[in-house]
Amino acid sequence: KQRYDLQRVAIAYDAKEPVAKATGEIVFPMLAEQAGLEIVNASDPVTFETGTQNFSAQVTQLKGLDAEGLLLGTTAEDAGRLAREMARQGVDIPAIGGVSMFNESLIEVGGEAVDGWYSAQVFWKDSTESEVQQFVEDIRERHREDFAGNPDPIPDSATWYDSARITMEIAADEGIDGSTPLEQARESIRAGWANLEGYEGVSGETTIDETGQALKEIFVFEVEDGE
């Protein structure tokens with residue numbers, strides 16, 4: 001909102017992919033309300049499915065909404081194809097996408113059409129932190145054979161890794177082993193997570209607030225001049 005001085009936004013999302021769908025149906029409407037943005041198509045969102053190749057109908061729908069920006073729940077590849085069709089039809093508005101769009105494929109597929117687009121994630125593989133770089137190198141080494149085309153870790157893998165390490169450290173601190181009664185182990189781990197504060201991992205610092213939500217550092221990804 002502040003970057004582009006927006007007031008009216010449209011919403012579009014992949015109705016098939018679970019994370020993208022939740023982003024479009026739950027996350028972005030909540031954030032738009034908090035930011036004081038009007039969603040011009042809240043009752044009739046623009047939708048599509050994973051792998052859509054022709055976005056002409058969706059962009060035609062967007063053209064008639066007089067929106068100043070786009071809230072987009074989709075994967076990077078689909079976002080790139082949507083952006084190209086928006087450029088073809090002259091729909092020149094910026095977009096912000098959810099975590100599913102945080103990928104270099106957005107630029108590879110969308111090219112110049114995604115300049116000025118945003119996404120965000122809790123992990124940045126190019127961080128200069130030594131622990132992050134070691135994690136990235138370890139994942140690349142494991143992926144070189146099975147994922148030779150793109151051996152980099154996906155962003156979510158860092159949070160999964162940290163979650164496993166946190167749970168293991170709680171278990172060690174509480175003396176949990178194979179002889180610990182199941183309910184006791186569960187309660188100790190639950191309490192450990194509930195009281196987590198300032199845990200430093202490869203996905204940054206993690207704190208659990210009083211409602212059970214994780215407070216995380218956010219990395220914002222903006223495309224500028226094709227980078």
Side-chain angles (χ1 to χ4, degrees), residues 1 11 13-37 71-76 96-103 118-143 146-147 151-221:
K1 179 179 180 180
I11 197 162
Y13 60 87
D14 183 340
K16 183 177 181 181
E17 201 278 321
V19 175
K21 183 178 180 182
T23 300
E25 293 185 347
I26 301 172
V27 178
F28 274 145
M30 175 186 66
L31 294 177
E33 182 178 2
Q34 292 175 358
L37 293 170
L71 306 180
L72 184 57
T74 185
T75 62
I96 182 169
V99 296
S100 299
M101 203 173 85
F102 193 94
N103 191 292
Y118 282 84
S119 184
Q121 186 49 275
V122 297
F123 173 68
W124 182 239
K125 67 178 177 63
D126 294 323
S127 166
T128 57
E129 294 290 334
S130 59
E131 186 177 12
V132 174
Q133 288 307 300
Q134 186 62 57
F135 171 77
V136 171
E137 184 53 39
D138 288 346
I139 294 297
R140 285 172 174 164
E141 186 61 35
R142 291 169 181 249
H143 285 181
D146 294 332
F147 304 99
D152 288 344
I154 62 172
D156 287 340
S157 64
T159 55
W160 301 335
Y161 177 76
D162 281 348
S163 295
R165 286 184 58 187
I166 290 167
T167 302
M168 291 172 63
E169 290 184 19
I170 292 172
D173 290 344
E174 295 297 320
I176 297 172
D177 59 24
S179 66
T180 305
L182 180 59
E183 289 304 317
Q184 179 183 333
R186 284 175 172 170
E187 177 56 28
S188 294
I189 291 172
R190 186 207 65 78
W193 269 97
N195 293 305
L196 189 69
E197 183 174 353
Y199 180 88
E200 290 286 351
V202 296
S203 65
E205 184 176 294
T206 302
T207 293
I208 303 299
D209 69 13
E210 63 277 4
T211 68
Q213 295 296 313
L215 305 180
K216 299 284 295 180
E217 180 181 9
I218 298 296
F219 295 92
V220 177
F221 173 75

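Note that the structure is predicted; figures quoted are calculated from it, not measured. Basis for what follows: all heavy atoms, side chains included, without hydrogens, waters or symmetry-related copies.
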TODO: Kindly determine whether F123 and T159 satisfy side-chain contact (heavy atoms from CB on, under 4.5 Å), including the steps that lead there.
DONE: CA-CA 8 Å; F123 173 68; T159 55; 5.7 Å; no

Task: Full working for side-chain contact (heavy atoms from CB on, under 4.5 Å) between I208 and E197 - done: CA-CA 6 Å; I208 303 299; E197 183 174 353; over 6 Å; no

Task: side-chain contact (heavy atoms from CB on, under 4.5 Å) between Q121 and D156, worked out - done: CA-CA 9 Å; Q121 186 49 275; D156 287 340; 3.9 Å; yes

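Enclosure of atom CD in E129 is not indicated, since only 12 or fewer non-hydrogen atoms of other residues, nucleotides or ligands lie within 6.0 angstrom. The environment of CZ in R165 is crowded: more than 12 heavy-atom neighbours from other residues, nucleotides or ligands sit within 6.0 Å. Within a 6.0 Å sphere centred on NZ of K216, other residues, nucleotides and ligands contribute more than 12 heavy atoms.
The shortest heavy-atom contact between M101 and S119 is C-OG, 3.7 Å. Taking both residues in full, the closest heavy atoms of Q133 and K125 are given as NE2-O, 3.0 Å, listed atom of the first, atom of the second, then distance. The two residues L215 and D209 make their nearest non-hydrogen contact at CD2-OD2, 3.9 Å. Looking at every heavy atom in both residues, A120 comes nearest to I218 through CB-CG2, 3.7 Å. The two residues I170 and W193 come nearest to each other via the heavy atoms CD1-N, 3.5 Å. Considering all non-hydrogen atoms of both residues, D152 and I139 come closest at C-CG2, 4.4 Å.
A donor-acceptor contact shorter than 3.5 Å links the side chain of D162 to the backbone of S203. Listed for the E17 side chain is a donor-acceptor partner under 3.5 Å among the backbone atoms of A20.
If you take CG on D138 and NE2 on H143, they are separated by 11.0 Å, rounding to the nearest 0.5 Å. With values rounded to the nearest 0.5 angstrom, T207 atom OG1 is found 13.0 Å from Q213 atom CD. Of the inter-residue distances, the one linking I166 atom CD1 with I189 atom CD1 reads 12.0 Å to the nearest 0.5 angstrom. A distance of 10.0 Å separates CD of E187 from CD1 of I176, quoted to the nearest 0.5 Å. With rounding to the nearest 0.5 angstrom, the CG atom of L71 is 7.0 Å from the CG atom of L37. Taking OG1 of T74 as the start and CG of D14 as the end, the distance is 5.0 Å to the nearest 0.5 Å.
Ring orientation note: the planes of Y161 and F135 are tilted relative to one another, at an angle of 30° to 60°.
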